[in-house]
Structures are given as C-alpha cells and as structure tokens.
Amino acid sequence: MNIIKLGGSVITDKRKENFFKKEVVENLVKAIKKANKETIIIHGAGSFGHIIADKYKLNEGKKSKDQLLGFSLTHGMVQKLNSLVLDSLNNNRIAAVSIPPHSNLILDNHNPYKFDFTIFKNYLEIGFTPVTFGDVVLDKKLGFSICSGDLLMVLLAENLKPEKTIFVIDEDGLFTSNPKIDKNAELIESATIEKLNGLLAAPDSHADVTGGMKGKIETIKKISKLGIDTILLNGNKPDRIFKVLKGEKVKSTIITGGHK
Ligand code: IPE
C-alpha cells in the first residue's frame, strides 16, 4: 500500500482563492489509475483553505466567537475541494471514499490526541481508495486548530505502515534552497536525516500557515524514523507518479527510511 499526498499548490492555484487545477488533477488521477496500486490519497487545501484559515487565524485556536464562522467557511471550502478531487477519481473509475479528518481526529495543542485509523484500514480491506484532506479540527487545548495533510501522512504511516509515502508537490523535489527564487538551487536526489537536518538550518522562504518547507522536512524525518521511504516528486509531470508507483526511478527526491 502507498500513501500519496497531493499538495495544495499542485491541485489549486495558491494565489487565486478557490482555483481548482482540474486538468492537473485529472492527469494525476489517470496516472494513479493506470499504476493500479492499493493507495490512500491525502490532499492539501491550497487556496480553498489557507487564505480563509489565515484570515480568521484558525491555527491559533479559538480566541473569539467570530472565528466559528471562519471555521465553518474553511471546512465548507475544503469539503468542496474534496468533492472536486472525488469527482475526478470516481470519473476515472477509482472507487474513492472520503474520510473527513474533523470527524475522526482530535488534536491537543496541534499534536495528535485521538485518531481513528481503523476506518481507513477497513475501507482499504474491501478494496476502496480512502481519501482524506487538510481540514479544520477540534483541539483539546485550543478549542480548534488545523490538521494539515502532512500530519495525516505521519499518522497514517505510523498506523498502517505503507510501502512508501509520496508527496506530490509543484517542484521536482527538495532543493538546497527555494528554486523559485534562487537559480543556484540544486535538486537533492537522495537524502538522509542528517542531510535534512542541514537543510533545517537554512532560512525558510516557503512558510505558510501549516509549516512550509521546514514543516515538510520535519514530517519526512518522522516518516523516515518509522523505516518508511518518502519520495517527493513533481505533480505537473504525471508520468513521474506513474513510474514511482510502478517502482521505477524518476527525477525526484528519495529519502530512504530507517536512517538515524
Ligand atoms: C491545510 O492543509 C488545511 C487548511 C488550511 C484547512 P495542508 O497544509 O495539507 O494544505 P497544503 O498542501 O499546504 O495546501
């Protein structure tokens, strides 16, 4: 079984509110279908979630009553995005089923407190493709906060031990610096935890409400410690996800699990 996270910046245009990149998603879904592997799909929120979550400061927890509407609006938008992703999966004959995090996960000061992963396991066992997504959730300490797709990746990897975890992003993989602003940025084709720690020392120009590139590196470190491989690849080149699912090597970053 593989777990794939479709990043919000791949499936939406992060600068335009609620802009779904339909064609990009269709191409990725076709590649996933063609590879024909058991998968769980997680997707990010992109411009369906981050803009409004920022506006209402939802990740800081409940501070005023006005935020409640912000929570609902954000949930409504990520649910809409989820419907668009599900449509694409179902139209391409993938039997997908949506599992919204807010109903099976509770955080405690941003950390996992309660998570029911058995529902994922049960759906997988009958042959479904479970689909979950970055969402607003209850938080024991803060009232509510945000659960990113990256956190879901760690939780699902911990509990279901996939063969590999794949992050579909809008760059070829991890770079030595931000390739969007630094033309000397180099693609890191393979990495260990030590190499990732080195990257953490550099300033982060990718930051967003759920952590940016540094957050992503922390996520990968957690998965790697479980002994599971992580691959980051470009979602705008759908043949790459197809080949990786088939076990072939492509332009990407591979972090081999198990390194200290
Ligand atoms: C964020 O999820 C969820 C909300 C803002 C509600 P992610 O952090 O997984 O989304 P992307 O991939 O960065 O867009």
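In each ligand, atom 1 is the first atom listed, and ligand 1 is the first ligand listed. Side chains are part of it too, since the values below use all heavy atoms of this structure and drop only hydrogens, waters and symmetry mates.
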Student: Is it the side chain, the backbone, both or neither of D135 that has a heavy atom closer than 4.0 Å to ligand 1?
Tutor: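 For D135, only backbone atoms sit under 4.0 Å from ligand 1.
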Student: Which atoms of ligand 1 have any heavy atom of G149 under 4.0 Å away?
Tutor: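 Taking each heavy atom of G149 in turn, ligand 1 has 2 (O), 7 (P), 9 (O) under 4.0 Å.
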Student: Return yes if some donor-acceptor pair links the side-chain N/O of S72 with the main-chain N/O of L68 below 3.5 Å, else return no.
Tutor: yes
Student: Which heavy atom of P101 sits nearest to which heavy atom of D135, and what is that distance?
Tutor: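 Closest pair (atom of P101, atom of D135, distance): CD-OD2, 3.6 Å.
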Student: Any nitrogen or oxygen of G7, side chain or backbone, less than 3.5 Å from one on ligand 1?
Tutor: no
Student: When you measure from the centre of the six-membered ring of F144, is the NZ or CZ of K62 closer than 6.0 Å and no more than 45° off the axis?
Tutor: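 The answer is no, since K62 fails at least one limit relative to F144.
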Student: Could you say whether the N/O atoms of G44 and ligand 1 ever approach to under 3.5 Å?
Tutor: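 No.
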Student: Establish, yes or no, whether the cationic atom of K34 lies under 6.0 Å from the six-membered ring centre of F242 and within 45° of the ring axis.
Tutor: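 Yes, K34 sits over the ring of F242.
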Student: Could you list the atoms of ligand 1 found under 4.0 angstrom from a heavy atom of G49?
Tutor: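 Numbered from 1, ligand 1 contributes 5 (C).
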Student: Indicate yes or no for a side-chain donor-acceptor contact from T129 to the backbone of I40 under 3.5 Å, with no hydrogens or angles considered.
Tutor: no
Student: Compute the shortest N/O to N/O distance between A45 and ligand 1 and return yes if it is under 3.5 Å, no if not.
Tutor: yes
Student: Any N or O on H43 sitting closer than 3.5 Å to an N or O of ligand 1?
Tutor: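 Such a contact does not occur with ligand 1.
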Student: Have a look at K164 and tell me which of I223, I3, T230, V244 forms a side-chain contact (heavy atoms from CB on, under 4.5 Å) with it.
Tutor: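 Answer after filtering I223, I3, T230, V244: V244.
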Student: Could you check whether any heavy atom of K5 sits closer than 4.0 Å to an atom of ligand 1, since that is the contact criterion I want to use?
Tutor: yes
Student: Provide the number and element of each atom of ligand 1 under 4.0 Å from a heavy atom of G134.
Tutor: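 Those qualifying, in numeric order: 2 (O), 3 (C).
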Student: Check ligand 1 against K14 and write out every atom of the ligand that is under 4.0 Å from a heavy-atom position of the residue.
Tutor: 11 (P), 13 (O), 14 (O)
Student: Going by atom types only, do S148 and D150 share a side-chain donor-acceptor pair under 3.5 Å?
Tutor: no
Student: For ligand 1, find out whether one of its N or O atoms is nearer than 3.5 Å to an N or O atom of S148.
Tutor: no
